[in-house]
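Reading through the structure tokens given below for one structure.
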Amino acid sequence: MGRADSKSGCYHLIHVGACTTNLRVIRSCAIHAGETTMHRSSNTASRSTLCALAALSLLTESALAQETGESSPLAEKVRHATARFVDINVALAEGWVPATPCVSGPDTGAMGVHLVFPSRLDHVVLDASQPQALIYEPTASGAMRLVGVEFIVTAKVWAAHNAPPAVPALEGNLLNYIGEPNRFGLPSFYELHVWAWERNPSGTLADWNTHVTCDHQPVSAPGGAAPR
């Protein structure tokens with residue numbers, strides 16, 4: 001592990017020469033640490049450097065995962081439930097419909113293009129495996145790249161089933177209230193983003209993602225968009 005690919009959300013291992021820093025290297029470090037030698041060769045010095053890099057790499061990965069929540073049970077559930085929608089055409093074939101063009105942030109970052117599953121907008125009880133919206137980033141190739149999902153509960157539907165000050169939540173995470181009027185032209189609603197397919201420096205549940213851009217927003221809705 002070393003750097004995060006801002007487009008895939010995947011981590012790439014650091015390569016030092018022809019060697020890769022991974023658990024096998026650390027095991028090797030432990031073995032060689034127990035050996036008694038009178039002289040250190042250049043190979044031993046190189047091995048020590050590699051060991052240090054390996055340990056630092058794993059510590060950095062652990063800290064980053066904790067900071068962004070990338071390994072959270074909620075994000076994992078969302079990824080498992082939405083894996084087939086990496087191809088936007090599968091989502092469209094299953095009844096998801098375009099709801100917004102690419103939504104850019106007020107200062108920086110973006111949300112992306114939203115597709116919603118209409119029948120779920122009346123749900124009051126939220127399910128991690130059934131988001132109300134899928135979020136895609138338009139790419140330079142014309143493809144739509146799945147980056148996350150959004151859970152939505154309309155304020156009217158929520159109020160009809162719950163007395164104040166109750167607020168909808170998903171697995172212990174409170175949804176954010178968006179009043180009206182709003183930039184989306186929608187009635188008041190509650191929402192929660194889960195960036196399950198793209199790392200978000202601000203956190204997995206933040207609204208805006210600086211790793212997502214609307215620079216390649218298509219002129220028309222993504223009805224026939226190419227898969228990722």
Side-chain angles (χ1 to χ4, degrees), residues 9 68-106 109-137 144-200 202-209 212 214 221-223 225:
T68 63
E70 289 172 345
S71 298
S72 71
L74 176 56
E76 290 176 3
K77 288 178 183 178
V78 169
R79 279 193 293 271
H80 177 74
T82 59
R84 66 188 184 280
F85 301 134
V86 165
D87 182 342
I88 192 174
N89 294 300
V90 173
L92 294 169
E94 291 191 17
W96 294 81
V97 297
T100 72
C102 193
V103 181
S104 59
M111 288 183 185
V113 175
H114 293 65
L115 269 63
V116 300
F117 201 80
S119 64
R120 292 181 185 173
L121 294 176
D122 291 331
H123 288 189
V124 177
V125 179
L126 298 175
D127 184 335
S129 67
Q130 296 185 16
Q132 279 67 37
L134 301 173
I135 305 173
Y136 292 86
E137 178 189 34
M144 302 296 290
R145 188 174 69 90
L146 181 63
V147 291
V149 305
E150 186 174 8
F151 293 89
I152 303 168
V153 177
T154 64
K156 181 177 180 180
V157 170
W158 178 257
H161 296 84
N162 299 272
V167 175
L170 175 62
E171 299 196 357
N173 300 286
L174 295 177
L175 274 66
N176 306 301
Y177 176 73
I178 307 297
E180 56 180 313
N182 52 67
R183 65 183 300 186
F184 311 107
L186 299 174
S188 302
F189 64 98
Y190 297 90
E191 57 81 21
L192 181 71
H193 289 82
V194 179
W195 298 99
W197 293 96
E198 172 59 72
R199 191 178 78 85
N200 188 346
S202 299
T204 304
L205 306 182
D207 277 344
W208 306 101
N209 191 336
V212 176
C214 289

Query raised in the report: Can you check whether Glu137's main-chain N or O pairs, donor with acceptor, with Arg145's side chain at less than 3.5 Å?
Result: no
Query raised in the report: So, does Trp158 use its side chain to make a donor-acceptor pair with the main chain of Ala166 at under 3.5 Å?
Result: yes
Query raised in the report: Would you say Phe117 and Gln132 make side-chain contact, with heavy atoms under 4.5 Å?
Result: no
Report summary line: CG (Leu174) and CG (Leu192) are apart, to the nearest 0.5 Å, by 9.0 Å
Query raised in the report: Are any non-hydrogen side-chain atoms of Val167 and Tyr177 less than 4.5 angstrom apart?
Result: no
**Report entry** Side-chain heavy-atom pair Val212, Ile135 within 4.5 angstrom cut-off
**Finding:** no
Query raised in the report: Counting only N and O atoms by type, is there a donor-acceptor contact under 3.5 Å from the side chain of His114 to the main-chain atoms of Gly112?
Result: yes
Query raised in the report: Side chain of Ser72, backbone of Ala75: donor and acceptor closer than 3.5 Å?
Result: yes
Query - Minimum heavy-atom distance between Val103 and Thr100, given as atom pair plus value - result: CG2-OG1, 3.6 Å
Report summary line: Tightest non-hydrogen contact, residues Trp96 and Leu115, listed as CE3-O, 3.5 Å
Report task. Over all heavy atoms of both residues, which pair between Leu134 and Ala91 is shortest? Give the atoms and the distance, please. Result -> CD1-CB, 3.7 Å
Query raised in the report: So do the side chains of Phe151 and Arg120 get within less than 4.5 Å of each other, counting heavy atoms only?
Result: no
Report task. Find out whether Leu186 and Ile178 are in side-chain contact, i.e. whether some heavy atom of one side chain is under 4.5 Å from a heavy atom of the other. Result -> no
Query raised in the report: How close do Trp197 and Leu146 get, heavy atom to heavy atom, and via which atoms?
Result: CB-O, 3.3 Å
Requested in this report: Report the distance from atom NE2 of His193 to atom CG of Asn173, rounding to the nearest 0.5 Å.
Outcome: 14.0 Å
Requested in this report: Kindly compute the distance separating CG (Leu74) from OG1 (Thr204), expressed to the nearest 0.5 Å.
Outcome: 8.5 Å
Query raised in the report: CG of Asn176 to CD of Glu150: how many Å apart, nearest 0.5 Å?
Result: 9.5 Å
Query raised in the report: What are the two closest non-hydrogen atoms of Leu126 and Ile152, and how far apart are they?
Result: CD2-O, 4.3 Å
Requested in this report: Please round to the nearest 0.5 Å and tell me the distance separating atom OH of Tyr136 and atom SG of Cys102.
Outcome: 13.5 Å
Requested in this report: Return the set of residues passing salt bridge (Lys or Arg N to Asp or Glu O under 4.0 Å) with Arg183 (not counting sequence neighbours), or none when no residue passes.
Outcome: none
Query raised in the report: Asn182 versus Phe189: any side-chain heavy-atom pair under 4.5 Å?
Result: yes
Query - Residue pair Trp195 / Ser202, side-chain heavy-atom distance below 4.5 Å - result: no
Query - Shortest non-hydrogen contact between Ala133 and Val116, atoms and distance - result: CB-CG1, 4.0 Å
Query raised in the report: Quick one: are Pro131 and Val194 in side-chain contact, heavy atoms under 4.5 Å?
Result: no
Query raised in the report: Is Arg199 reaching over with its side chain to a backbone N or O of Ala196, donor-acceptor style, under 3.5 angstrom?
Result: no
